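Heads up: the structure comes next, in C-alpha coordinates.
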2 protein chains.
Amino acid sequence: MSSSRTARERVRAELTREIADIARRQLATEGATGLSLRAVAREMGMVSSAIYRYFPSRDDLLTTLIIDGYNALGEAVENADAATHREDHTGRWLAVCHAVRDWALAHPHEYALLYGSPVPGYQAPQDTVAAAVRDTVVYGRIISEAFHAGALNPPDVAPPPPAAFAEDATRVREIISDIPDDVVARALVAWTGLFGWVSFELFGQFNGAILNRDPAFDHAMRSHAAYLGLPL
Amino acid sequence: MSSSRTARERVRAELTREIADIARRQLATEGATGLSLRAVAREMGMVSSAIYRYFPSRDDLLTTLIIDGYNALGEAVENADAATHREDHTGRWLAVCHAVRDWALAHPHEYALLYGSPVPGYQAPQDTVAAAVRDTVVYGRIISEAFHAGALNPPDVAPPPPAAFAEDATRVREIISDIPDDVVARALVAWTGLFGWVSFELFGQFNGAILNRDPAFDHAMRSHAAYLGLPL
DNA sequence: GCTCGTCAAGAGCAGTGCTCTCTTTTATTT
DNA sequence: AAATAAAAGAGAGCACTGCTCTTGACGAGC
(Lines give C-alpha, C1' and ligand atoms only; values in the text may rest on other atoms or scores of the structure.)
Protein backbone atom coordinates (compact mmCIF):
# COMPACT_ATOMS: atom_id res chain seq x y z
CA MET A 1 0.00 0.00 0.00
CA SER A 2 2.55 2.53 1.11
CA SER A 3 5.20 1.01 -1.14
CA SER A 4 3.11 1.50 -4.24
CA ARG A 5 2.16 4.95 -3.12
CA THR A 6 5.79 5.82 -2.65
CA ALA A 7 6.48 4.33 -6.06
CA ARG A 8 4.11 6.81 -7.52
CA GLU A 9 5.49 9.61 -5.44
CA ARG A 10 9.00 8.65 -6.38
CA VAL A 11 8.40 9.03 -10.08
CA ARG A 12 6.61 12.24 -9.33
CA ALA A 13 9.58 13.59 -7.39
CA GLU A 14 11.86 12.44 -10.18
CA LEU A 15 9.85 14.25 -12.82
CA THR A 16 9.64 17.36 -10.68
CA ARG A 17 13.39 17.37 -10.37
CA GLU A 18 13.85 16.83 -14.09
CA ILE A 19 11.57 19.74 -14.92
CA ALA A 20 13.54 21.99 -12.59
CA ASP A 21 16.82 20.81 -14.11
CA ILE A 22 15.72 21.53 -17.66
CA ALA A 23 14.31 24.86 -16.56
CA ARG A 24 17.64 25.70 -14.95
CA ARG A 25 19.44 24.87 -18.18
CA GLN A 26 17.06 27.09 -20.08
CA LEU A 27 17.53 29.83 -17.54
CA ALA A 28 21.27 29.59 -17.99
CA THR A 29 21.08 30.01 -21.74
CA GLU A 30 18.03 32.21 -22.27
CA GLY A 31 17.63 34.12 -19.02
CA ALA A 32 14.63 34.47 -16.78
CA THR A 33 12.25 35.96 -19.32
CA GLY A 34 13.22 33.31 -21.83
CA LEU A 35 12.14 30.56 -19.51
CA SER A 36 9.20 28.89 -21.22
CA LEU A 37 7.06 26.15 -19.74
CA ARG A 38 6.20 24.95 -23.20
CA ALA A 39 9.86 24.66 -24.14
CA VAL A 40 10.55 22.68 -20.99
CA ALA A 41 7.63 20.41 -21.78
CA ARG A 42 8.83 19.99 -25.36
CA GLU A 43 12.28 18.98 -24.20
CA MET A 44 10.72 16.43 -21.89
CA GLY A 45 8.52 15.00 -24.61
CA MET A 46 5.52 16.12 -22.64
CA VAL A 47 2.62 18.28 -23.60
CA SER A 48 2.68 21.70 -22.01
CA SER A 49 -0.39 21.26 -19.88
CA ALA A 50 1.14 18.27 -18.14
CA ILE A 51 3.77 20.50 -16.55
CA TYR A 52 1.05 22.12 -14.51
CA ARG A 53 0.57 18.88 -12.63
CA TYR A 54 3.99 19.51 -11.13
CA PHE A 55 4.23 23.29 -10.99
CA PRO A 56 0.96 25.16 -10.67
CA SER A 57 2.40 28.18 -12.45
CA ARG A 58 5.49 29.63 -14.05
CA ASP A 59 6.09 31.68 -10.93
CA ASP A 60 6.20 28.53 -8.81
CA LEU A 61 8.86 27.11 -11.04
CA LEU A 62 10.73 30.38 -10.76
CA THR A 63 10.48 30.20 -6.99
CA THR A 64 12.05 26.76 -7.04
CA LEU A 65 14.87 28.01 -9.22
CA ILE A 66 15.41 31.01 -6.95
CA ILE A 67 15.56 28.88 -3.82
CA ASP A 68 17.92 26.45 -5.54
CA GLY A 69 20.04 29.37 -6.65
CA TYR A 70 20.31 30.83 -3.17
CA ASN A 71 21.24 27.41 -1.86
CA ALA A 72 23.86 26.86 -4.56
CA LEU A 73 25.44 30.22 -3.86
CA GLY A 74 25.19 29.65 -0.13
CA GLU A 75 26.85 26.29 -0.44
CA ALA A 76 29.66 27.73 -2.55
CA VAL A 77 30.23 30.38 0.07
CA GLU A 78 30.13 27.83 2.87
CA ASN A 79 32.66 25.64 1.12
CA ALA A 80 34.96 28.56 0.43
CA ASP A 81 34.85 29.57 4.06
CA ALA A 82 35.40 26.01 5.27
CA ALA A 83 38.56 25.71 3.17
CA THR A 84 40.31 28.45 5.14
CA HIS A 85 41.83 28.67 8.58
CA ARG A 86 39.24 29.70 11.15
CA GLU A 87 41.53 32.32 12.69
CA ASP A 88 42.44 33.87 9.34
CA HIS A 89 39.43 36.17 9.30
CA THR A 90 40.78 38.29 6.48
CA GLY A 91 41.34 35.19 4.37
CA ARG A 92 37.84 34.01 5.15
CA TRP A 93 36.34 37.32 4.08
CA LEU A 94 38.31 37.29 0.85
CA ALA A 95 37.34 33.67 0.24
CA VAL A 96 33.69 34.57 0.63
CA CYS A 97 34.05 37.52 -1.74
CA HIS A 98 35.71 35.44 -4.42
CA ALA A 99 33.21 32.63 -3.96
CA VAL A 100 30.32 35.02 -4.54
CA ARG A 101 31.96 36.53 -7.60
CA ASP A 102 33.07 33.21 -9.05
CA TRP A 103 29.64 31.73 -8.64
CA ALA A 104 28.05 34.81 -10.16
CA LEU A 105 30.36 34.71 -13.18
CA ALA A 106 29.66 31.01 -13.63
CA HIS A 107 25.89 31.46 -13.31
CA PRO A 108 25.16 34.96 -14.53
CA HIS A 109 21.47 34.48 -15.21
CA GLU A 110 20.88 32.81 -11.87
CA TYR A 111 22.71 35.62 -10.14
CA ALA A 112 20.56 38.10 -12.02
CA LEU A 113 17.50 36.25 -10.81
CA LEU A 114 18.64 36.50 -7.20
CA TYR A 115 20.20 39.95 -7.06
CA GLY A 116 19.02 41.72 -10.22
CA SER A 117 15.75 43.36 -11.06
CA PRO A 118 12.87 41.57 -9.43
CA VAL A 119 10.66 39.72 -11.89
CA PRO A 120 7.57 41.91 -12.34
CA GLY A 121 4.41 40.55 -10.85
CA TYR A 122 6.44 38.02 -8.97
CA GLN A 123 6.25 38.21 -5.20
CA ALA A 124 8.98 36.25 -3.46
CA PRO A 125 7.28 33.87 -1.02
CA GLN A 126 8.52 33.41 2.51
CA ASP A 127 10.25 30.14 1.56
CA THR A 128 12.95 32.02 -0.23
CA VAL A 129 14.21 34.13 2.65
CA ALA A 130 15.58 31.20 4.61
CA ALA A 131 17.70 30.20 1.63
CA ALA A 132 18.49 33.81 0.79
CA VAL A 133 20.38 34.51 3.99
CA ARG A 134 22.55 31.42 3.77
CA ASP A 135 25.55 33.30 2.43
CA THR A 136 24.88 36.18 4.77
CA VAL A 137 24.99 33.81 7.73
CA VAL A 138 28.48 32.69 6.74
CA TYR A 139 29.54 36.30 6.36
CA GLY A 140 28.02 37.19 9.72
CA ARG A 141 29.85 34.37 11.44
CA ILE A 142 33.16 35.62 10.09
CA ILE A 143 32.52 39.17 11.24
CA SER A 144 31.29 38.03 14.61
CA GLU A 145 34.20 35.70 15.25
CA ALA A 146 36.69 38.28 14.09
CA PHE A 147 35.20 40.83 16.42
CA HIS A 148 35.22 38.56 19.45
CA ALA A 149 38.76 37.46 18.68
CA GLY A 150 39.76 41.10 18.86
CA ALA A 151 40.81 40.99 15.21
CA LEU A 152 38.62 43.92 14.16
CA ASN A 153 40.49 47.19 14.49
CA PRO A 154 38.73 49.60 12.18
CA PRO A 155 40.35 52.91 11.26
CA ASP A 156 38.92 55.66 13.41
CA VAL A 157 37.58 57.77 10.58
CA ALA A 158 34.00 56.69 10.09
CA PRO A 159 31.28 58.55 11.92
CA PRO A 160 29.33 56.62 14.54
CA PRO A 161 26.04 55.20 13.27
CA PRO A 162 23.03 57.38 14.00
CA ALA A 163 20.75 56.54 16.91
CA ALA A 164 18.00 55.62 14.44
CA PHE A 165 20.14 52.72 13.30
CA ALA A 166 19.87 50.90 16.64
CA GLU A 167 16.61 49.18 15.83
CA ASP A 168 17.83 47.78 12.52
CA ALA A 169 21.10 46.74 14.14
CA THR A 170 19.13 44.67 16.64
CA ARG A 171 17.40 42.90 13.76
CA VAL A 172 20.69 42.26 11.99
CA ARG A 173 22.10 40.76 15.17
CA GLU A 174 19.69 37.88 14.74
CA ILE A 175 22.00 36.85 11.91
CA ILE A 176 25.30 38.37 12.99
CA SER A 177 25.34 37.74 16.70
CA ASP A 178 26.70 39.90 19.44
CA ILE A 179 28.44 42.77 17.72
CA PRO A 180 27.99 46.47 18.45
CA ASP A 181 26.05 48.81 16.21
CA ASP A 182 29.05 50.38 14.54
CA VAL A 183 30.37 46.98 13.46
CA VAL A 184 26.96 46.13 12.05
CA ALA A 185 27.03 49.36 10.08
CA ARG A 186 30.49 48.64 8.70
CA ALA A 187 29.53 45.06 7.87
CA LEU A 188 26.57 46.35 5.91
CA VAL A 189 28.72 48.74 3.91
CA ALA A 190 31.18 45.99 2.99
CA TRP A 191 28.43 43.51 2.13
CA THR A 192 26.59 45.92 -0.16
CA GLY A 193 29.96 46.89 -1.62
CA LEU A 194 30.70 43.31 -2.56
CA PHE A 195 27.41 42.81 -4.34
CA GLY A 196 27.52 46.25 -5.84
CA TRP A 197 30.82 45.40 -7.48
CA VAL A 198 29.68 42.00 -8.71
CA SER A 199 26.46 43.47 -10.09
CA PHE A 200 28.32 46.26 -11.88
CA GLU A 201 30.68 43.74 -13.38
CA LEU A 202 27.97 41.30 -14.41
CA PHE A 203 25.41 43.80 -15.62
CA GLY A 204 27.81 45.56 -17.93
CA GLN A 205 28.56 48.75 -16.03
CA PHE A 206 32.29 48.09 -16.23
CA ASN A 207 32.27 47.51 -19.97
CA GLY A 208 34.83 49.60 -21.75
CA ALA A 209 36.38 50.85 -18.55
CA ILE A 210 37.41 48.15 -16.09
CA LEU A 211 38.76 45.24 -18.07
CA ASN A 212 41.40 43.62 -15.87
CA ARG A 213 38.80 42.69 -13.33
CA ASP A 214 40.34 39.95 -11.24
CA PRO A 215 43.03 42.08 -9.59
CA ALA A 216 40.72 45.09 -9.36
CA PHE A 217 38.12 43.03 -7.55
CA ASP A 218 40.62 41.50 -5.20
CA HIS A 219 41.97 44.89 -4.31
CA ALA A 220 38.50 46.34 -3.81
CA MET A 221 37.62 43.54 -1.43
CA ARG A 222 40.89 44.03 0.47
CA SER A 223 39.91 47.68 0.74
CA HIS A 224 36.60 46.67 2.27
CA ALA A 225 38.51 44.38 4.63
CA ALA A 226 40.67 47.30 5.69
CA TYR A 227 37.60 49.42 6.29
CA LEU A 228 36.06 46.60 8.32
CA GLY A 229 39.20 46.62 10.44
CA LEU A 230 40.43 43.20 9.38
CA PRO A 231 44.22 42.86 9.47
CA LEU A 232 46.01 42.88 6.12
CA MET B 1 8.12 72.97 -49.47
CA SER B 2 10.35 72.77 -46.47
CA SER B 3 7.61 74.12 -44.21
CA SER B 4 5.22 71.37 -45.19
CA ARG B 5 7.97 68.84 -44.84
CA THR B 6 8.62 70.03 -41.33
CA ALA B 7 4.90 69.91 -40.66
CA ARG B 8 4.97 66.22 -41.37
CA GLU B 9 8.14 65.72 -39.44
CA ARG B 10 6.74 67.66 -36.56
CA VAL B 11 3.75 65.41 -36.16
CA ARG B 12 6.06 62.47 -36.54
CA ALA B 13 8.33 63.73 -33.79
CA GLU B 14 5.29 64.44 -31.66
CA LEU B 15 3.93 60.93 -32.12
CA THR B 16 7.34 59.40 -31.46
CA ARG B 17 7.52 61.34 -28.22
CA GLU B 18 3.99 60.32 -27.26
CA ILE B 19 4.76 56.66 -27.85
CA ALA B 20 7.83 56.93 -25.65
CA ASP B 21 5.85 58.72 -22.96
CA ILE B 22 3.12 56.10 -22.86
CA ALA B 23 5.76 53.39 -22.88
CA ARG B 24 7.48 55.06 -19.95
CA ARG B 25 4.21 55.16 -18.03
CA GLN B 26 3.69 51.49 -18.76
CA LEU B 27 7.24 50.76 -17.71
CA ALA B 28 6.64 52.55 -14.42
CA THR B 29 3.57 50.49 -13.61
CA GLU B 30 4.26 47.13 -15.20
CA GLY B 31 8.02 46.90 -15.42
CA ALA B 32 10.23 46.19 -18.39
CA THR B 33 8.83 42.78 -19.30
CA GLY B 34 5.30 44.15 -19.05
CA LEU B 35 6.02 46.74 -21.70
CA SER B 36 3.81 45.83 -24.63
CA LEU B 37 3.83 47.50 -28.02
CA ARG B 38 0.25 46.46 -28.55
CA ALA B 39 -0.83 48.03 -25.30
CA VAL B 40 0.92 51.27 -26.22
CA ALA B 41 -0.79 51.21 -29.61
CA ARG B 42 -4.13 50.52 -27.97
CA GLU B 43 -3.72 53.48 -25.65
CA MET B 44 -2.91 55.66 -28.62
CA GLY B 45 -5.91 54.46 -30.60
CA MET B 46 -3.54 53.04 -33.15
CA VAL B 47 -3.23 49.60 -34.56
CA SER B 48 -0.20 47.70 -33.34
CA SER B 49 1.57 47.50 -36.67
CA ALA B 50 1.56 51.29 -36.98
CA ILE B 51 3.93 51.58 -34.03
CA TYR B 52 6.59 49.95 -36.15
CA ARG B 53 6.63 53.03 -38.38
CA TYR B 54 8.16 54.85 -35.41
CA PHE B 55 10.12 52.19 -33.59
CA PRO B 56 11.45 49.32 -35.70
CA SER B 57 11.32 46.94 -32.74
CA ARG B 58 10.53 46.66 -29.09
CA ASP B 59 14.22 46.77 -28.31
CA ASP B 60 14.56 50.12 -30.04
CA LEU B 61 11.82 51.51 -27.86
CA LEU B 62 13.63 50.06 -24.86
CA THR B 63 16.84 51.73 -25.97
CA THR B 64 15.06 55.07 -26.09
CA LEU B 65 13.70 54.55 -22.60
CA ILE B 66 17.12 53.54 -21.33
CA ILE B 67 18.81 56.59 -22.79
CA ASP B 68 16.07 58.82 -21.41
CA GLY B 69 16.48 57.14 -18.05
CA TYR B 70 20.23 57.69 -17.94
CA ASN B 71 19.69 61.30 -18.88
CA ALA B 72 17.01 61.80 -16.26
CA LEU B 73 19.21 60.33 -13.57
CA GLY B 74 22.20 62.25 -14.84
CA GLU B 75 20.26 65.48 -14.77
CA ALA B 76 19.05 64.82 -11.24
CA VAL B 77 22.62 64.22 -10.15
CA GLU B 78 23.84 67.34 -11.94
CA ASN B 79 21.18 69.46 -10.29
CA ALA B 80 21.94 68.05 -6.87
CA ASP B 81 25.61 68.80 -7.31
CA ALA B 82 24.91 72.29 -8.63
CA ALA B 83 22.88 73.14 -5.53
CA THR B 84 25.88 72.76 -3.23
CA HIS B 85 28.96 74.82 -2.53
CA ARG B 86 31.77 73.91 -4.91
CA GLU B 87 34.32 73.66 -2.12
CA ASP B 88 32.14 71.48 0.07
CA HIS B 89 33.29 68.26 -1.57
CA THR B 90 31.81 66.07 1.12
CA GLY B 91 28.47 67.77 0.75
CA ARG B 92 28.64 67.35 -3.00
CA TRP B 93 29.34 63.62 -2.65
CA LEU B 94 26.46 63.20 -0.25
CA ALA B 95 24.20 65.24 -2.53
CA VAL B 96 25.05 62.96 -5.43
CA CYS B 97 24.39 59.85 -3.33
CA HIS B 98 21.00 61.07 -2.19
CA ALA B 99 20.11 62.20 -5.69
CA VAL B 100 20.83 58.73 -7.06
CA ARG B 101 18.84 57.04 -4.32
CA ASP B 102 15.94 59.48 -4.47
CA TRP B 103 15.66 59.12 -8.21
CA ALA B 104 15.86 55.35 -7.95
CA LEU B 105 13.13 55.23 -5.30
CA ALA B 106 10.96 57.51 -7.43
CA HIS B 107 11.54 55.48 -10.61
CA PRO B 108 12.21 51.93 -9.46
CA HIS B 109 11.46 50.22 -12.76
CA GLU B 110 13.58 52.65 -14.72
CA TYR B 111 16.42 52.17 -12.27
CA ALA B 112 16.03 48.42 -12.67
CA LEU B 113 16.27 48.89 -16.41
CA LEU B 114 19.51 50.81 -16.07
CA TYR B 115 21.28 49.00 -13.25
CA GLY B 116 19.42 45.72 -12.85
CA SER B 117 19.58 42.52 -14.83
CA PRO B 118 20.19 43.21 -18.49
CA VAL B 119 17.21 42.45 -20.69
CA PRO B 120 17.98 39.10 -22.34
CA GLY B 121 18.73 39.25 -25.99
CA TYR B 122 19.08 42.99 -25.70
CA GLN B 123 22.45 44.43 -26.62
CA ALA B 124 22.94 48.00 -25.46
CA PRO B 125 23.92 50.06 -28.50
CA GLN B 126 26.74 52.57 -28.38
CA ASP B 127 24.28 55.45 -28.05
CA THR B 128 23.56 54.51 -24.48
CA VAL B 129 27.07 54.78 -23.10
CA ALA B 130 27.32 58.54 -23.60
CA ALA B 131 24.18 59.01 -21.53
CA ALA B 132 25.18 56.28 -19.12
CA VAL B 133 28.29 58.05 -17.84
CA ARG B 134 26.53 61.35 -17.24
CA ASP B 135 26.20 60.78 -13.50
CA THR B 136 29.67 59.28 -13.35
CA VAL B 137 31.10 62.42 -14.91
CA VAL B 138 29.63 64.52 -12.11
CA TYR B 139 31.01 62.12 -9.55
CA GLY B 140 34.39 62.16 -11.22
CA ARG B 141 34.50 65.93 -11.21
CA ILE B 142 33.86 66.01 -7.47
CA ILE B 143 36.58 63.49 -6.75
CA SER B 144 39.03 65.21 -9.05
CA GLU B 145 38.37 68.67 -7.65
CA ALA B 146 38.56 67.40 -4.09
CA PHE B 147 41.88 65.76 -4.80
CA HIS B 148 43.41 68.80 -6.43
CA ALA B 149 42.13 71.00 -3.63
CA GLY B 150 44.03 68.79 -1.22
CA ALA B 151 40.78 67.79 0.45
CA LEU B 152 41.32 64.07 0.03
CA ASN B 153 43.14 62.62 3.01
CA PRO B 154 42.33 58.93 3.00
CA PRO B 155 43.08 56.79 6.03
CA ASP B 156 46.31 54.94 5.53
CA VAL B 157 44.88 51.47 5.89
CA ALA B 158 44.02 50.36 2.39
CA PRO B 159 46.59 48.41 0.42
CA PRO B 160 48.00 50.09 -2.70
CA PRO B 161 46.29 49.01 -5.92
CA PRO B 162 48.04 46.22 -7.78
CA ALA B 163 50.24 47.02 -10.75
CA ALA B 164 47.72 45.33 -13.02
CA PHE B 165 45.26 48.08 -12.17
CA ALA B 166 47.30 50.79 -13.90
CA GLU B 167 45.83 50.16 -17.33
CA ASP B 168 42.24 50.38 -16.15
CA ALA B 169 43.08 53.45 -14.09
CA THR B 170 44.29 55.17 -17.26
CA ARG B 171 40.98 54.41 -18.91
CA VAL B 172 39.04 55.73 -15.94
CA ARG B 173 41.06 58.94 -16.04
CA GLU B 174 39.32 59.77 -19.30
CA ILE B 175 36.31 60.43 -17.11
CA ILE B 176 37.91 61.36 -13.80
CA SER B 177 40.84 63.46 -14.84
CA ASP B 178 44.26 63.66 -13.29
CA ILE B 179 44.10 61.58 -10.18
CA PRO B 180 46.55 58.86 -9.11
CA ASP B 181 45.76 55.17 -9.31
CA ASP B 182 45.00 54.71 -5.63
CA VAL B 183 42.38 57.46 -5.72
CA VAL B 184 40.82 55.84 -8.78
CA ALA B 185 40.64 52.58 -6.89
CA ARG B 186 39.00 54.20 -3.89
CA ALA B 187 36.57 56.09 -6.08
CA LEU B 188 35.56 52.84 -7.70
CA VAL B 189 34.90 51.21 -4.35
CA ALA B 190 32.71 54.07 -3.20
CA TRP B 191 30.83 54.25 -6.48
CA THR B 192 30.03 50.55 -6.55
CA GLY B 193 29.15 50.80 -2.87
CA LEU B 194 26.58 53.47 -3.57
CA PHE B 195 24.85 51.50 -6.30
CA GLY B 196 25.20 48.28 -4.36
CA TRP B 197 23.27 49.80 -1.50
CA VAL B 198 20.58 51.31 -3.70
CA SER B 199 20.17 48.03 -5.59
CA PHE B 200 19.91 46.04 -2.37
CA GLU B 201 17.31 48.44 -1.08
CA LEU B 202 15.31 48.54 -4.29
CA PHE B 203 15.51 44.88 -5.18
CA GLY B 204 14.28 43.70 -1.81
CA GLN B 205 17.47 42.46 -0.20
CA PHE B 206 16.89 44.68 2.85
CA ASN B 207 13.34 43.48 3.37
CA GLY B 208 12.72 42.37 6.91
CA ALA B 209 16.11 43.56 8.11
CA ILE B 210 16.92 47.19 7.31
CA LEU B 211 13.74 49.19 7.66
CA ASN B 212 14.82 52.64 8.81
CA ARG B 213 16.65 53.19 5.58
CA ASP B 214 17.13 56.94 5.29
CA PRO B 215 19.54 57.32 8.19
CA ALA B 216 21.25 54.01 7.43
CA PHE B 217 21.89 55.10 3.87
CA ASP B 218 23.14 58.49 4.89
CA HIS B 219 25.53 56.94 7.36
CA ALA B 220 26.75 54.38 4.84
CA MET B 221 27.52 57.12 2.32
CA ARG B 222 29.33 59.13 5.00
CA SER B 223 31.36 56.04 5.66
CA HIS B 224 32.29 55.85 2.00
CA ALA B 225 33.20 59.54 2.18
CA ALA B 226 35.49 58.82 5.10
CA TYR B 227 37.10 55.98 3.20
CA LEU B 228 37.56 58.27 0.20
CA GLY B 229 39.35 60.67 2.49
CA LEU B 230 36.74 63.43 2.33
CA PRO B 231 36.55 65.51 5.49
CA LEU B 232 33.59 64.92 7.76
C1' DG C 1 -14.61 -6.25 -10.15
C1' DC C 2 -15.69 -1.69 -9.53
C1' DT C 3 -14.80 2.85 -8.17
C1' DC C 4 -11.95 6.70 -7.55
C1' DG C 5 -7.93 9.62 -7.78
C1' DT C 6 -3.89 10.72 -10.64
C1' DC C 7 -1.99 11.95 -14.81
C1' DA C 8 -1.18 12.87 -19.90
C1' DA C 9 -3.14 14.79 -23.90
C1' DG C 10 -5.53 18.02 -26.70
C1' DA C 11 -8.20 21.92 -27.80
C1' DG C 12 -8.82 26.49 -26.89
C1' DC C 13 -8.46 31.52 -24.96
C1' DA C 14 -6.21 35.77 -24.69
C1' DG C 15 -2.21 37.76 -25.14
C1' DT C 16 2.67 38.83 -27.31
C1' DG C 17 6.35 40.67 -31.19
C1' DC C 18 6.61 41.08 -35.75
C1' DT C 19 5.75 40.90 -41.05
C1' DC C 20 3.21 41.36 -45.02
C1' DT C 21 -0.11 43.48 -48.05
C1' DC C 22 -3.43 46.89 -49.13
C1' DT C 23 -5.40 51.38 -48.85
C1' DT C 24 -5.44 56.15 -47.61
C1' DT C 25 -3.27 60.38 -46.84
C1' DT C 26 0.23 63.75 -47.65
C1' DA C 27 3.96 66.07 -50.23
C1' DT C 28 6.49 66.94 -54.40
C1' DT C 29 7.04 67.34 -59.25
C1' DT C 30 5.59 68.03 -63.84
C1' DA D 1 -4.08 71.51 -61.62
C1' DA D 2 -2.94 66.85 -62.40
C1' DA D 3 0.25 63.09 -61.88
C1' DT D 4 3.56 60.86 -59.22
C1' DA D 5 6.15 59.49 -55.27
C1' DA D 6 6.58 58.89 -50.39
C1' DA D 7 4.78 58.03 -45.90
C1' DA D 8 1.59 56.26 -42.68
C1' DG D 9 -2.45 53.64 -41.03
C1' DA D 10 -5.30 49.24 -41.15
C1' DG D 11 -5.84 44.55 -41.10
C1' DA D 12 -4.77 39.82 -41.54
C1' DG D 13 -1.69 36.44 -40.28
C1' DC D 14 2.44 33.68 -38.24
C1' DA D 15 4.58 31.67 -34.44
C1' DC D 16 4.91 32.01 -29.88
C1' DT D 17 3.57 32.57 -24.74
C1' DG D 18 0.97 31.21 -19.94
C1' DC D 19 -2.87 29.06 -18.58
C1' DT D 20 -7.62 26.55 -18.32
C1' DC D 21 -10.86 23.06 -19.25
C1' DT D 22 -12.35 18.69 -20.85
C1' DT D 23 -11.54 14.03 -22.29
C1' DG D 24 -9.66 9.58 -21.96
C1' DA D 25 -6.39 6.11 -19.92
C1' DC D 26 -4.16 3.87 -16.11
C1' DG D 27 -3.30 1.91 -11.55
C1' DA D 28 -4.43 1.48 -6.46
C1' DG D 29 -7.90 0.55 -2.66
C1' DC D 30 -12.50 -1.11 -1.19
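Chain A is the first sequence line, chain B the second, and so forth, proteins listed ahead of strands; every chain is numbered from 1. The model shown is predicted, which means the values in this text are computed figures rather than measured ones.
Remark: B:Arg42 is in phosphate contact with C:dT16, judged by side-chain N or O atoms under 4.0 Å from OP1 or OP2. Phosphate proximity of C:dG17 to B:Ser36: present, with a side-chain N or O under 4.0 Å from OP1 or OP2. An OP1 or OP2 oxygen of C:dT16 is reached within less than 4.0 angstrom by no side-chain nitrogen or oxygen of B:Arg58. Contact between the side-chain N/O atoms of A:Tyr52 and the OP1/OP2 oxygens of C:dA8 is not found at any separation under 4.0 Å.
To the nearest angstrom, C1' of D:dA8 lies 16 Å from CD of B:Glu14. Taking atom CD1 of A:Ile19 as the reference point, atom C1' of C:dC7 lies 12 Å away to the nearest angstrom. Rounded to an integer number of Å, the gap from OH of B:Tyr54 to C1' of C:dG17 is 19 Å. Between the CD1 atom of A:Ile51 and the P atom of C:dA9 there is a distance of 10 Å, rounded to whole Å. Taking atom CZ of B:Arg10 as the reference point, atom C1' of C:dA27 lies 16 Å away to the nearest angstrom. If you measure from atom CD of B:Glu43 to atom C1' of C:dG15, you get 17 Å, rounded to the nearest angstrom. As rounded to whole Å, 11 Å separates atom P of D:dT20 from atom CG of A:Asp60. Rounded to an integer number of Å, the gap from A:Asp59 CG to D:dT17 C1' is 14 Å.
Nucleic acid contact class of A:Ser57 (heavy atoms, under 4.0 Å, all strands): sugar-phosphate only.
Judged by closest nucleotide on DNA chain D, B:Leu15 is the one of B:Leu15 and B:Arg38 placed further toward the 5' end. Toward the 5' end of DNA chain D, the nearer of the two residues B:Ala50 and A:Leu35, judged by each one's closest nucleotide, is B:Ala50.
Checked against a 6.0 Å centroid threshold, the rings of A:His98 and A:Phe217 count as neighbours. For A:Phe203 and B:Tyr115, the ring centers are positioned 6.0 Å apart or more. Here B:Trp191 and B:Tyr139 bring their ring centres to under 6.0 angstrom of each other.
Side-chain contact between B:Met44 and B:Leu15: present, with at least one pair of heavy atoms (C-beta onward) separated by less than 4.5 Å. B:Phe165 has its side chain out of reach of A:Asn212: every pair of non-hydrogen atoms, C-beta onward, lies at least 4.5 Å apart.
At a cut-off of 3.5 angstrom, the base of D:dG9 holds at least one donor-acceptor pair with the side chain of B:Arg53.
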